[in-house]
Amino acid sequence: MENNIFLAIFEKLFEAYGPQHWWPAGSDFETVVGAILTQSVSWSNVEKAIKNLKREDLLSPRALSEIDDEKLHRLIRSTRFYKQKGERLKNFCRYLLKYYDGSLYRLFDKDVYELREELLGLKGLGEETVDSIILYAAKKPIFVVDAYTKRIFCRLGIITEDIDYKSLQKLFMSNLPLDTSLFNEYHALIVKLGKEVCRTKPGCGFCPLSDLCKEVKK
DNA sequence: GCCCAGGGGGCTC
DNA sequence: GAGCCCCATGGG
């Protein structure tokens with residue numbers, strides 16, 4: 001077995017679940033839209049909204065920045081908090097048009113952490129959303145942390161509850177090779193595990209990491 | 001009917 | 001700076 005616990009866990013998860021094929025989107029812009037729409041909602045709800053936007057040929061910065069609010073709300077209603085998310089989408093698109101001529105490529109063409117700070121400055125884009133955009137749309141190596149990551153690694157006894165986002169991210173990034181495809185697959189596998197067996201209570205049925213879990217009641 | 005999803009912002013103390 | 005509440009759909 002790997003002597004690096006972070007790599008060892010990755011290998012166990014990959015062996016159990018295989019490649020997750022994230023991010024399921026036809027373009028980088030679609031990935032960004034999905035990243036905003038998936039905030040606190042399951043992916044199935046997002047798929048409907050993306051499908052609606054595609055059908056109306058609205059999946060572009062220009063189209064989204066100009067769309068009528070009521071129409072936008074109706075199309076993305078399935079993603080919950082649709083008024084807020086509609087505004088966040090428009091806000092991002094208008095920023096992209098104003099400063100980068102609507103080109104994600106130009107926006108992304110800078111240092112990872114410079115890009116991170118810039119995106120965090122936009123309203124409605126928090127750490128997890130920004131890191132998802134950087135990893136899955138810009139395809140730059142940054143580790144995406146979420147509630148599952150924290151919960152699972154707490155149960156493995158590797159971290160404690162009180163760790164903050166940046167510290168947890170740094171822990172992964174300083175113990176793993178800086179590899180976009182590894183980070184891509186790792187986060188997706190964590191989400192898979194979280195949804196599959198590790199929701200709110202420990203000691204849940206079959207788990208590929210059960211031999212490592214510190215909280216399973218025997 | 002209940003719970004919780006691939007969060008983030010704003011307010012209070 | 002932690003602890004709340006708000007937002008307000010859909011599937012199990």
Side-chain angles (χ1 to χ4, degrees), chain A residues 10 13-14 17-26 28-53 69-93 95 116-139 142-155 160-169 172 180-205:
Chain A
F10 172 78
L13 292 176
F14 190 78
Y17 298 127
Q20 300 299 301
H21 308 292
W22 276 34
W23 190 288
D28 293 338
F29 184 71
E30 185 179 325
T31 301
V32 174
V33 171
I36 293 172
L37 293 182
T38 197
Q39 291 170 351
S40 196
V41 72
S42 56
W43 185 249
S44 62
N45 293 43
V46 179
E47 285 182 314
K48 295 176 188 170
I50 300 261
K51 201 171 167 184
N52 290 340
L53 293 172
D69 280 330
E70 271 188 40
K71 183 175 181 184
L72 180 56
H73 294 166
R74 184 157 39 84
L75 295 173
I76 66 171
R77 197 173 65 93
S78 64
T79 65
R80 204 179 172 200
F81 318 134
Y82 53 83
K83 292 182 185 173
Q84 288 185 357
K85 288 179 178 177
E87 193 178 344
R88 289 169 189 185
L89 281 181
K90 278 194 164 182
N91 193 43
F92 176 83
C93 290
Y95 180 85
R116 191 175 196 273
E117 288 311 305
E118 183 174 350
L119 291 175
L120 283 174
L122 295 179
K123 195 170 175 179
L125 303 194
E127 294 191 291
E128 189 179 337
T129 305
V130 163
D131 289 336
S132 296
I133 291 172
I134 295 174
L135 179 62
Y136 292 104
K139 299 171 183 65
I142 199 148
F143 202 90
V144 179
V145 170
D146 68 343
Y148 288 135
T149 315
K150 194 163 169 178
R151 189 184 303 155
I152 291 165
F153 282 76
C154 274
R155 286 181 192 167
T160 51
E161 288 280 353
D162 58 337
I163 194 167
D164 61 66
Y165 188 100
K166 288 280 284 189
S167 305
L168 186 48
Q169 179 176 60
F172 277 91
T180 300
S181 59
L182 171 65
F183 290 178
N184 174 323
E185 203 63 69
Y186 208 152
H187 173 65
L189 285 166
I190 285 171
V191 173
K192 172 76 174 174
L193 173 66
K195 283 159 69 163
E196 200 82 3
V197 295
C198 207
R199 298 178 84 93
T200 52
K201 297 190 183 75
C204 33

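Throughout, a chain's letter reflects where its sequence line sits, starting with A, and its residues are numbered from 1.
At least one donor-acceptor pair under 3.5 Å links the side chain of A/Y165 to the backbone N or O of A/V145. With hydrogens and angles ignored, the 3.5 Å screen pairs no side-chain donor or acceptor of A/K139 with any backbone N or O of A/T180.
Base pairing of B/dG1: no nucleotide in any strand meets the Watson-Crick or G-U wobble criterion (both distances under 3.5 Å). Pairing for B/dG6 is absent, judged as Watson-Crick or G-U wobble with the two contacts each under 3.5 Å.
B/dG6 atom C1' lies 13 Å from atom CG of A/L189, rounded to whole Å. Atom-to-atom, CD of A/Q20 to P of B/dG6 comes out at 13 Å; the value is rounded to the nearest Å. One interatomic measurement links the two molecules: CG of A/N184 to C1' of B/dG6, which rounds to 13 Å at whole-angstrom precision. Between the CD atom of A/E47 and the C1' atom of B/dG6 there is a distance of 12 Å, given to the nearest Å. What separates CG of A/L89 from P of B/dG8 is a distance of 14 Å, to the nearest Å. Regarding A/K150, its NZ atom lies at a distance of 14 Å from the P atom of B/dG7, rounded to whole Å. Per the geometry, NZ belonging to A/K85 stands 11 Å off P belonging to B/dG6, to the nearest Å. To the nearest angstrom, P of B/dG8 lies 15 Å from CG of A/N91.
Going from atom CG of A/D162 over to atom NZ of A/K150 covers 7.5 Å, rounded to the nearest 0.5 Å. Here A/F10 contributes atom CZ and A/E185 contributes atom CD; the two are 5.5 Å apart, rounded to the nearest 0.5 Å.
Remark: A/E87 CD is loosely packed, at most 12 non-hydrogen atoms of other residues, nucleotides or ligands lying under 6.0 Å away.
Side-chain contact between A/L53 and A/E30 is absent, with no heavy-atom pair separated by less than 4.5 Å. Residues A/K48 and A/K51 have side chains not in contact (no heavy-atom distance under 4.5 Å, counting atoms from C-beta outward).
Residue-level contact check: A/K123 touches the backbone only, with heavy atoms under 4.0 Å from sugar-phosphate atoms and none from bases.
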What one-letter contact string describes nucleotides 7-12 of chain C from 5' to 3', where B marks a base within less than 4.0 Å of any protein heavy atom, S marks contact via sugar-phosphate atoms alone, and - marks no contact? BBBSS-
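Residue whose closest nucleotide on DNA chain B sits further toward the 5' end, between A/G124 and A/V191: A/V191. Between A/L125 and A/H187, the residue anchored closer to the 5' end of DNA chain B is A/H187, taking for each the nucleotide with the nearest heavy atom.
The P atoms of B/dG6 and C/dC4 are separated by 24 Å, rounded to the nearest whole Å.
Using a 5.5 Å limit on the distance between ring centres and a 30° limit on the angle between planes, the aromatic ring of A/Y148 does not count as stacked on the six-membered base ring of B/dG6.
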